[in-house]
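Each residue takes its place number in the sequence, starting with 1. Hydrogens, waters and symmetry mates play no part in the numbers below; they use all other heavy atoms, side chains included. As the structure lists them, so they are numbered: ligands from 1, and atoms in each ligand from 1. Just so it is clear, the model here is predicted, and its values are computed rather than measured.
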Amino acid sequence: MKVKIVPSQHAFEVAAGETVLAAAIRQGVGLPYGCQDGACGACKCRSIEGAFELGGYQPKALSDAEREKGFLLACRAVPLGDLVIECPELPAAGMFPVRKMPCRVISLRRAAPDVVIMRLQLPANEDFRYHAGQYIQFILRDGTRRSYSMANAPDSDRQVELHLRHMPGGRFTDHVFGAMREKEILRIEGPYGGFFLRDDSPRPVVLLASGTGFAPVKAIIEAMRERAQRRDTVVYWGCRARADLYLHDWIAAQADELGWLRYVPVLSEPKPDDGWTGRTGLVHAALMSDLPDLSAHDVYACGAPAMVEAAQRDLVARCALPADRFFSDAFTPAQS
Ligand code: FES
């Protein structure tokens, strides 16, 4: 079976029982996506021709009205014959091959009471390439997966940095925060995701993060620094209290050094002994009050789904941000 994408006219094969998205990723076709799980709606596209079956999904990812209009979720749609879908494609350079490989934990550092910075060593014989901002998945023994954004720009040491928040009671992060030791071997697969800087835009950049959503923002800043780019960039990082801004000194130092970068930390619940004199409240509200007109910006948002959803809604409706200039990392954050 074949799926054709319009307007690009690209076509690719889909095996029996395979979803449109799985086939696209397998063959390096740049469909947009996030969670791969019917939860985020990032892979939504419209069917123009042909029949398909749609597996289970969350209503917020695809409304009944959208479904009636022919929209589908590529991560859940299994074609029943040839299919034509309407969908914007990611830049061709966006697609690196997805690989599965073992990796070794080389360091675990507690950066905040509930955040660990993990570094992984990838095998020397694997050609693992990714864009700053993309994510990998851990494949656990029972086959379930956990998604984490890479927090460093690709480097020649073949190391990957991840920021993990403890979800008490969750099997994976309980292990990370408990018995996990350096040298442990884990299995990963990636890179995944369409959350990376669009280099073809000259517009100023807003990087909006909450909590450990800072990880891909850090990777993007590192990549921009390496490329000696000059686009005006501002980072808004929202957390609860001062201790949660676990790389505050790092990002503040980057902003001091790089003329094109500004940093605005925002705390929603500063503690009395934080001595906080900076911004308070919701991080996307702080952005809206500073930059009420975002019609000439590109916005990249990553973090708690509630923050990303509110930012998308409000920045487009109230700050004139064109909807196609809001990029978000939409994978379902690991709950365990
Ligand atoms: S709903 Fe398909 S990728 Fe998230």
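If you check each of Cys43, Gly34, Ala61 against atom 2 (Fe) of ligand 1, the one with the closest non-hydrogen atom is Cys43.
Counted within 6.0 Å of CZ on Arg240, heavy atoms from surrounding residues, nucleotides or ligands total 12 or fewer; the atom is thus considered open.
The residues Arg225 and Glu257 are annotated as not salt-bridged, no charged nitrogen and carboxylate oxygen being separated by less than 4.0 angstrom. Between Glu189 and Arg99 there is no salt bridge, since no side-chain nitrogen of the basic residue lies less than 4.0 Å from a carboxylate oxygen of the acidic one. The existence of a salt bridge linking Asp232 and Arg203 is excluded, since no basic side-chain nitrogen approaches an acidic carboxylate oxygen closer than 4.0 Å.
For the pair Arg198 and Phe196, the distance from NZ or CZ to the six-membered ring centre is under 6.0 Å and the angle to the ring normal is within 45 degrees.
Close contacts between ligand 1 and Cys35 involve ligand atoms 1 (S), 3 (S), 4 (Fe) [criterion: under 4.0 Å to a heavy atom]. Within ligand 1, the atoms closer than 4.0 Å to a non-hydrogen atom of Gly41 are 1 (S), 4 (Fe), numbered from 1 in the order shown. Every atom of ligand 1 is numbered from 1 in the order shown, and the set under 4.0 Å from a heavy atom of Gln36 is 3 (S), 4 (Fe). Of all atoms in ligand 1, numbered sequentially from 1 with element shown, those under 4.0 Å from a heavy atom of Gly38 are 1 (S). Listed by atom number, the atoms of ligand 1 under 4.0 Å from Cys40 heavy atoms are 1 (S), 3 (S), 4 (Fe).
Taking the six-membered ring for Trp and the full ring otherwise, Tyr246 and Trp237 have centroids separated by under 6.0 Å.
The part of Ala39 lying near ligand 1 is the backbone, judged by heavy-atom distances below 4.0 Å.
At least one N, O or S atom of Cys75, from either the backbone or the side chain, sits less than 2.8 Å from atom 2 (Fe) of ligand 1.
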